[in-house]
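Report on one structure; see the data block that follows.
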There are 2 protein chains.
Amino acid sequence: MRVLGVDPGLTRCGIGVVEGPPAAPVLVAAELVRTPREDALELRLDALHRAVAGAIARYRPDAVAVERVLFSSNVRSAMATGQAAGVALLAAAQAGVPVTPYSPNDVKFTVAGHGGADKDEVGRMVAMQLRLSAVPRPADVADALAIALTHLARARMGAVGEAGAPAASARAGGGSRGWEAVLDNPHLRVAGGTAPPRRTT
Amino acid sequence: MRVLGVDPGLTRCGIGVVEGPPAAPVLVAAELVRTPREDALELRLDALHRAVAGAIARYRPDAVAVERVLFSSNVRSAMATGQAAGVALLAAAQAGVPVTPYSPNDVKFTVAGHGGADKDEVGRMVAMQLRLSAVPRPADVADALAIALTHLARARMGAVGEAGAPAASARAGGGSRGWEAVLDNPHLRVAGGTAPPRRTT
């Protein structure tokens, strides 16, 4: 199973792609999308939408996972981040790929084992799980990989496709596959090293 | 000048199209877009995006005006409305049409003359300005028309295209035109009655 994770943001948006099995996930790609602060909001949303849609087309994930935006003390920034998340959800829906939101606590708990993990700890756990020689930088990219790893782990636990995103799953024709189905994919038996590209067309 | 106004919302989104001159605007179209509450967020954003993009393609406005979402006591609903607004901004940017956000107070002040106007008063003023025999229903549609009328009035005052949406204007190649340019359009001399369709292609 290949998962594309999005750490949404207008100024900096992390995109991370991992491929299972959950016990030995591999890094497929990591990107940082930036849009200029001085641009109008609609142009920034347009640029971000193109970037996320482009990544989905390029990496052909089985599922997309997006961090759910909670309200911080900075309400204005939370709204911009929420709109960025909305555009990522839209791009996934347009591509017919099932998408699941995860709260920051879900991600910290799944990747680091406790909801109080800080960014450094999450980054270290991402590097360890993907067997990388260094923590991915910047933090937005490490977070996007953590979100993707969260979905991969939840898929193994069978939580995805039930409580996850039922409508999107139904629409995508098969939708977010359970772990049993994933075992049929020979690509996913590759543990460690670089995952082969999905398709070259 | 033809303006498409959007009163953003996921459950109910109003779209209203008016055409100038500001002193005698006419109603071109009014639509209500609904997405089912039981659908997943990404599918609702997708449906809304298609509806707004479709309306822009159909009515070919010179400008789009979107109500800016402020934070109410219901934070969850404000985020959903903000994401709906983001998708409307995105659709305008993708179509290359300049888009301007207006706060609810901007709209009330411009249409009703004071920022404390309630929905009923805004609806009555919309009906009066467009010379309609009844207040447009539901309120989302009246609000969308009020937002479009606000942009039309501000365009006359020369405020649009300066503080409005400079980046979008630049991108759209000419962008939000000043009132002087609009006088050259013979369609806009039609005061009262139904405005002719822009183009039939």
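Since the structure is predicted, the reported quantities are computational estimates derived from the model, not experimental observations. Proteins come first, then strands; the chains are lettered A, B, ... in the order of their sequence lines, and each starts at number 1.
- Closest of all the heavy-atom pairs between A/Ala93 and B/Leu43 is CB-CD2, 4.3 Å.
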All N/O donor-acceptor pairs, side-chain side in residues 115-125 of chain A, below 3.5 Å, sequence neighbours left out:
residue  : atom : partner  : partner atom : Å
A/Asp118 : OD1  : A/Asp120 : N            : 3.3
A/Asp118 : OD1  : A/Glu121 : N            : 2.9
A/Lys119 : NZ   : A/Asp143 : OD2          : 2.4
A/Glu121 : OE1  : A/His114 : NE2          : 3.3
A/Glu121 : OE2  : A/His114 : NE2          : 2.9

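- Here the NE2-NE2 distance, from B/His49 to A/His49, works out to 5.5 Å after rounding to the nearest 0.5 Å.
- A heavy-atom distance below 4.5 Å is not found between the side chains of B/Leu90 and A/Glu42.
- Rounded to the nearest 0.5 Å, atoms CZ (B/Arg44) and CG (A/Leu89) are 12.5 Å apart.
- Although no hydrogens or angles enter the test, the distance criterion places a donor-acceptor pair under 3.5 Å between the side chain of A/Gln83 and the main chain of B/Gly82.
- Heavy atoms closer than 4.5 Å to chain B are found nowhere in A/Val66, neither backbone nor side chain.
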